[in-house]
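Here's the structure we're looking at; comments come further down.
Each ligand, and each atom within it, is numbered from 1 in the order the structure gives.
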Amino acid sequence: MLRLLLPLAGLAALLRAANIPQRSFGIDYDCNCFVKDGRPFRYISGSIHYSRIPRYYWKDRLLKMKMAGLDAIQTYVPWNYHEPQPGIYDFSGDRDLEYFLQLANETGLLVILRAGPYICAEWDMGGLPAWLLEKESIVLRSSDSDYLAAVGKWIGVLLPKMKPHLYQNGGPIIMVQVENEYGSYFACDYDYLRSLQKLFRQHLGDEVVLFTTDGASKLYLRCGALQGLYATVDFAPGGNVTAAFLAQRSSEPTGPLVNSEFYTGWLDHWGHRHSVVPTQTIAKTLNEILARGANVNLYMFIGGTNFAYWNGANMPYMPQPTSYDYDAPLSEAGDLTEKYFALREVIGMYNRLPEGLIPPTTPKFAYGKIFLQKVGTVVEVLDKLSPAGPVKSTYPLTFVQLKQYFGFVLYRTMLPKNCTEPTQLSSPLNGVHDRAYVSVDGVPQGVLERGESLMINITGKAGANLDILVENMGRVNFGRYNNDFKGLVSNLTLGQDILVEWEIYPLDIDGAVNHDINGQPEQLQRSVGNPSNYEGPTFYTGRLSVPGGIPDLPQDTYVKFPGWTKGQIWINGFNLGRYWPARGPQLTLFVPSNILVSSVPNNITVLELESSPCSTQMCEIEFVDRPDINATTQYASNAPPLFVRDTWLNHL
Ligand SMILES: *[C@@H]1O[C@H](CO)[C@@H](O)[C@H](O)[C@H]1NC(C)=O
Ligand SMILES: *[C@@H]1O[C@H](CO)[C@@H](O)[C@H](O)[C@H]1NC(C)=O
Ligand SMILES: *[C@@H]1O[C@H](CO)[C@@H](O)[C@H](O)[C@H]1NC(C)=O
Ligand SMILES: *[C@@H]1O[C@H](CO)[C@@H](O)[C@H](O)[C@H]1NC(C)=O
Ligand SMILES: *[C@@H]1O[C@H](CO)[C@@H](O)[C@H](O)[C@H]1NC(C)=O
Ligand SMILES: *[C@@H]1O[C@H](CO)[C@@H](O)[C@H](O)[C@H]1NC(C)=O
Ligand SMILES: *[C@@H]1O[C@H](CO)[C@@H](O)[C@H](O)[C@H]1NC(C)=O
């Protein structure tokens, strides 16, 4: 029946084409294509996440994408980046999404907007705000009424801002994605998808193309696709393109073929091998996709950086590093790579490459070694980090209960008994989320780690302060466990006894770094008595002066940590992210030039959580002119990266 009607529908489309509005974008189910301004249209797009690139570099990266021959960019909107607390919205500076859209438009790039609310993206909690967990039993990504109420408010703020940027309204946005890979999620709640569809239509109107993206298999499309939302798929290079698009055809018998995530590389995890996907494989499959007239988005075209605390994690708990380089055609720092030129050549077989110069790779500068001085341990500067003081509670509270969502919290209690002999401090329910740095009266004891190390021995006298600094390493972004509570989420035991009567200090380290931690090094000495070389969480500061007499400074650079173990670094108060050379594969952190100044020295703050080289070697970090995110030390697993996702899916 439907088949018989199709030729008529096609005729209608033709007739409509005669007086089609000047700016329109839609789907033509007869030509199996998109139609833009009345003409068949196929897009070649690339992913760029504005939240992973400083605003200062948006234009540069977009131009490089344009010069690769792309028609469009695709970006996610991370809800938690814009609504840090319920009802408090931030669209300023690096979060100025509308400015980003305007730049894309000016650059001549269309935009495919992936509006969430859930985005995955290897981003903290898949973009969902942690404060949703204030209702502990909330079922995320479902028609749970509290979840839907929060989504409704957020979407009611976001989409009205996006509406003027829709293509038919003069802007660059041609399509808007609803949710993300919902078919991979356990809930399979069609009412939820229907609620989102209604919400998106209500705010954006009936004209805009709304779509979904799922793994290229009927299995995922079953719960991910919904009538009225155009179903697209994602798949990696090297596979069977025909089979992948046949999966899309199981949901969309006609209409354009779309791969919304064609992987140019892959993500990394701390302690695993750096992911690399060979250019040749990508070029070959890209060519196959384009040759059949399909639409494609290269994920990522530029990965960028998980600055501050924004990285996500996978289960079993594996956090992602600071670099989101992704082995993409443009490197983390926006550098042109061989992959860029190879893929540009393939794109050039189908699209006319724009005339003009490709913006060159930005120069990098090796500022050299910078001496750091100890400021004090976290416990020593506690007053500055936690001005409001502790919250008292019989049992430990989570980050969400403290209304602190990121970073570090200090949990303190008194040793209830003499632990003259080594006594077991343990987390029997694996409830340290995610790492705990333990000391007794300032004497470092060791580290507990989620899924890795659930018990250490400690010693100390009855009545001594047992201090446990807990680090949130990033919330799970994929699968059923992304309601990821942080802090001590279950009781700790000492010997056989549950520890009670906690003083819990929320820590505003980022605030303190911007105020009074810097530039006041005190030479505080503490007794050492720890069994290992573990030293405990300690702040260090230093100053980087950009040399005079060299034109075009400051330039981008990378910072490396010879002899340091694990921690966090800020430059002029900008939180660059986590370093962890002891685990790798990432050894250097990208430092964009826009956070540096040449007029006065740049203030560096390092929070080293475990052990520094300062007592044995040189107390230095080093600014170098090339990245190293591919160290090959201490791998937990040698699993080939491309199979990792299948492993997660099997965990669902
Ligand atoms: C987008 O660019 C076009 C020109 O290509 C311009 O006419 C339009 O006003 C721009 N729209 C926005 C929202 O900036
Ligand atoms: C690719 O998949 C199609 C459809 O399932 C199948 O007919 C074809 O034989 C496959 N090609 C290869 C090389 O496996
Ligand atoms: C701990 O040991 C000290 C002696 O070192 C003793 O005076 C004290 O009573 C003991 N406290 C407890 C709670 O056992
Ligand atoms: C803790 O100490 C006990 C002896 O008191 C010892 O048997 C055990 O191996 C120690 N565990 C660790 C993790 O050091
Ligand atoms: C700690 O144990 C107590 C007593 O068994 C229990 O009531 C409480 O819920 C536990 N707290 C956590 C965070 O697990
Ligand atoms: C570094 O900190 C000092 C105060 O300790 C301040 O005077 C200076 O302006 C800061 N530098 C930058 C680049 O912010
Ligand atoms: C990563 O390191 C390995 C081993 O040293 C090397 O074979 C590979 O080419 C490197 N990959 C990249 C992208 O640098």
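- Listed by chain and number, N240, A243, L246 each place a non-hydrogen atom less than 4.0 angstrom from ligand 2.
- Y99 carries R55 over the face of its six-membered ring, with the cationic atom under 6.0 Å from the centre and within 45° of the normal.
- D434 and Y317 share a side-chain donor-acceptor pair at under 3.5 Å.
- Electrostatic pairing of R292 and E288 does not count as a salt bridge here, judged by no charged N lying under 4.0 Å from a carboxylate O.
- Looking at E449 and R583, a side-chain N of the basic residue comes within less than 4.0 Å of a carboxylate O on the acidic one, giving a salt bridge.
- Around OH of Y57, the count of heavy atoms belonging to other residues, nucleotides or ligands within 6.0 Å exceeds 12.
- Proximity to P422 (heavy-atom distance under 4.0 Å) selects the following atoms of ligand 4: 5 (O).
- At a 3.5 angstrom cut-off on N or O pairs, G170 counts as close to ligand 1.
- Heavy-atom contacts of N105 reach the following atoms of ligand 1: 1 (C), 2 (O), 3 (C), 8 (C), 10 (C), 11 (N), 12 (C), 14 (O) (cutoff under 4.0 Å).
- Judged by the 6.0 Å distance and 45° axis criteria, K161 is positioned over the aromatic ring of F91.
- Heavy atoms of other residues, nucleotides or ligands lying less than 6.0 angstrom from NZ of K461 number 12 at most.
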